[in-house]
Amino acid sequence: ASEWGYWGKYGPKTWSELCATGKRQSPIDIVTEDAIRIDLGALKFDRYDFAFSGSLINNGHTIQVKLDGVPIHLSGGSLPSVYVLEQMHFHWSAEHTVDGVRDPLELHLVHYNNQYANFSEATQHENGIVVVAVLFEFNNYDNPDLMPILETTKIVSNWVGKNMAQMRNKLIPLLLLPKDHTTYYSYEGSLTTPGCQESVMWFVMTEKLPISEAQVNVFRHVQNSNGTLKYNYRPKQELGNRKVHHRLE
Ligand code: BO1
Ligand code: ZN
């Protein structure tokens, strides 16, 4: 079957025919005590500070955001190339855990290596994709920087895979990164959904951003063809021989 989901008869235990199964699958639990402290250099977030119009789609697996206009680039931090922002999307709860703690939300900013023609081509190469992951932890107040995305999520939450909805307000991607966007954990892994291609350099930001319970509930009410998409995280995968690096200035 090409159908997949997060629980029951389409859950991650049934993904084996859809997924690569190598030694660098994602997500993982990040054990901070085991992370190797090293100067990996700062990431350069180019044009992240611009205000972008864009649109959202409910693809039945997540809420995905596409921005319009000029390309947004990520480089530096020992990356071999320049990476182009393809899309961003959310997982509720978080996919990466830190010392076993699972936060309520994780944002993925998905980039592909500009040496390749497009995202799908880049997933065939080991340095093809960079995902920057931002963890959100509960706070008593709404996070205003999520407003452009959340107000549009409410619109698309019951139109599965149909149409894109334009955001009413512009989005500044830099505001979705923690203030300290130069301290991160990094490791070599995979896409966390089928086909789970082992093409991803992961950068999990150390500093977390706040989100209210009411805001997380907007995601928890997203619908797909089987009902409510109550959660959409893949369980942790074996670390194996891999090392997690922790950027230190
Ligand atoms: S993630 O950041 O590892 N959760 C991730 C997972 C999958 C994708 C991007 C980031 N992209 C998906 C596209 C699908 C496509 C598939 C093939 O990749 O959303 O449309 O079929 O590689
Ligand atoms: Zn993701």
Side-chain angles (χ1 to χ4, degrees), residues 1-6 10-12 15 17-22 24-30 43 54-67 72 74 79 83-98 102-113 116-136 146 149 153 156 160-164 173 176-177 184-205 209 216 219-220 222 224-225 229 231-237 242:
S2 65
E3 216 169 336
W4 58 270
Y6 286 96
Y10 299 119
W15 292 3
E17 282 168 31
L18 308 170
C19 254
T21 47
R24 51 175 285 188
Q25 287 291 298
S26 294
I28 58 166
D29 177 49
I30 296 168
L43 290 169
S55 43
L56 264 70
I57 190 164
N58 169 7
N59 66 16
H61 305 297
T62 188
I63 294 291
Q64 189 169 303
V65 183
K66 278 257 195 187
L67 300 179
I72 304 177
L74 179 68
L79 291 175
Y83 289 74
V84 184
L85 182 67
E86 167 79 5
Q87 46 108 333
M88 55 183 108
H89 64 268
F90 295 87
H91 297 266
W92 54 91
S93 303
E95 299 207 294
H96 289 93
T97 51
V98 179
R102 190 180 302 283
D103 287 307
L105 188 75
E106 181 170 335
L107 164 65
H108 287 163
L109 299 138
V110 182
H111 309 72
Y112 70 92
N113 188 325
Y116 303 114
N118 52 49
F119 171 81
S120 134
E121 166 71 22
T123 65
Q124 305 307 306
H125 301 271
E126 62 174 1
N127 290 321
I129 306 295
V130 167
V131 184
V132 174
V134 181
L135 298 168
F136 288 76
L146 287 167
I149 291 174
T153 296
V156 300
V160 185
K162 266 200 284 184
N163 288 301
M164 312 274 280
L176 300 178
L177 295 173
Y184 51 77
Y185 297 102
S186 91
Y187 77 98
E188 294 179 348
S190 72
L191 297 180
T192 65
T193 65
C196 310
Q197 289 93 335
E198 297 189 324
S199 56
V200 183
M201 299 268 305
W202 280 96
F203 292 87
V204 179
M205 293 293 128
L209 291 181
V216 175
F219 291 112
R220 290 175 176 156
V222 168
N224 70 14
S225 49
L229 182 58
Y231 59 88
N232 63 354
Y233 65 91
R234 186 189 197 191
K236 80 165 178 188
Q237 306 294 303
R242 290 177 288 179

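Order of appearance sets the numbers: ligands from 1, and atoms from 1 within every ligand.
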Determine whether any protein heavy atom is located less than 4.0 Å from [atom].
atom: atom 2 (O) of ligand 1; answer: yes
atom: atom 15 (C) of ligand 1; answer: no
atom: atom 10 (C) of ligand 1; answer: yes

Interfacing atoms of ligand 1 (cut-off 4.0 Å, heavy-atom, [X]):
X: His89; result: 1 (S), 2 (O), 4 (N), 5 (C), 10 (C)
X: Phe119; result: 8 (C), 9 (C), 11 (N), 18 (O)
X: Trp202; result: 2 (O), 3 (O)
X: Thr193; result: 6 (C), 7 (C)
X: His91; result: 4 (N)

For the side chain of [X] and the backbone of [Y], is there at least one donor-acceptor N/O pair under 3.5 Å apart?
X: Arg220; Y: Ser93; answer: no
X: Trp92; Y: Thr62; answer: no
X: His125; Y: Thr123; answer: no
X: Glu198; Y: Arg24; answer: yes
X: Trp15; Y: Cys196; answer: no
X: Asp103; Y: Leu135; answer: no

Please list the nearest protein heavy atom to [atom] with its residue and the distance rounded to 0.1 Å.
atom: atom 5 (C) of ligand 1; result: Leu191 CD2, 3.6 Å
atom: atom 4 (N) of ligand 1; result: Thr192 OG1, 2.8 Å
atom: atom 19 (O) of ligand 1; result: Gln64 OE1, 4.1 Å
atom: atom 17 (C) of ligand 1; result: Gln197 NE2, 4.0 Å

Taking N or O atoms only and a 3.5 Å limit, does Thr123 qualify as a polar contact for ligand 1?
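Between Thr123 and ligand 1, no N or O pair is found under 3.5 Å apart.
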With heavy atoms only and a cut-off of under 4.0 Å, state how [X] meets ligand 1: side chain, backbone, both or neither.
X: Gln87; answer: side chain
X: Tyr112; answer: neither
X: Val110; answer: side chain

Establish, from distance only, whether the side-chain atoms of [X] and [Y] form a donor-acceptor pair under 3.5 Å.
X: Ser26; Y: Trp202; answer: yes
X: Arg234; Y: Gln25; answer: yes
X: Tyr187; Y: His96; answer: yes

Could you give me the CA-CA distance, side-chain angles and deciding distance for Tyr231 and Tyr6, then say whether ring-ring contact (aromatic ring centres under 6.0 Å, His included) is met?
CA-CA 7 Å; Tyr231 59 88; Tyr6 286 96; 7.2 Å; no
Decide if atom CD of Glu121 counts as having more than 12 heavy atoms of other residues, nucleotides or ligands within a radius under 6.0 Å.
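Result for CD/Glu121: enclosed.
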Atom of His108 closest to the Zn ion (ligand 2), considering N, O or S atoms:
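Output for this pair reads ND1.
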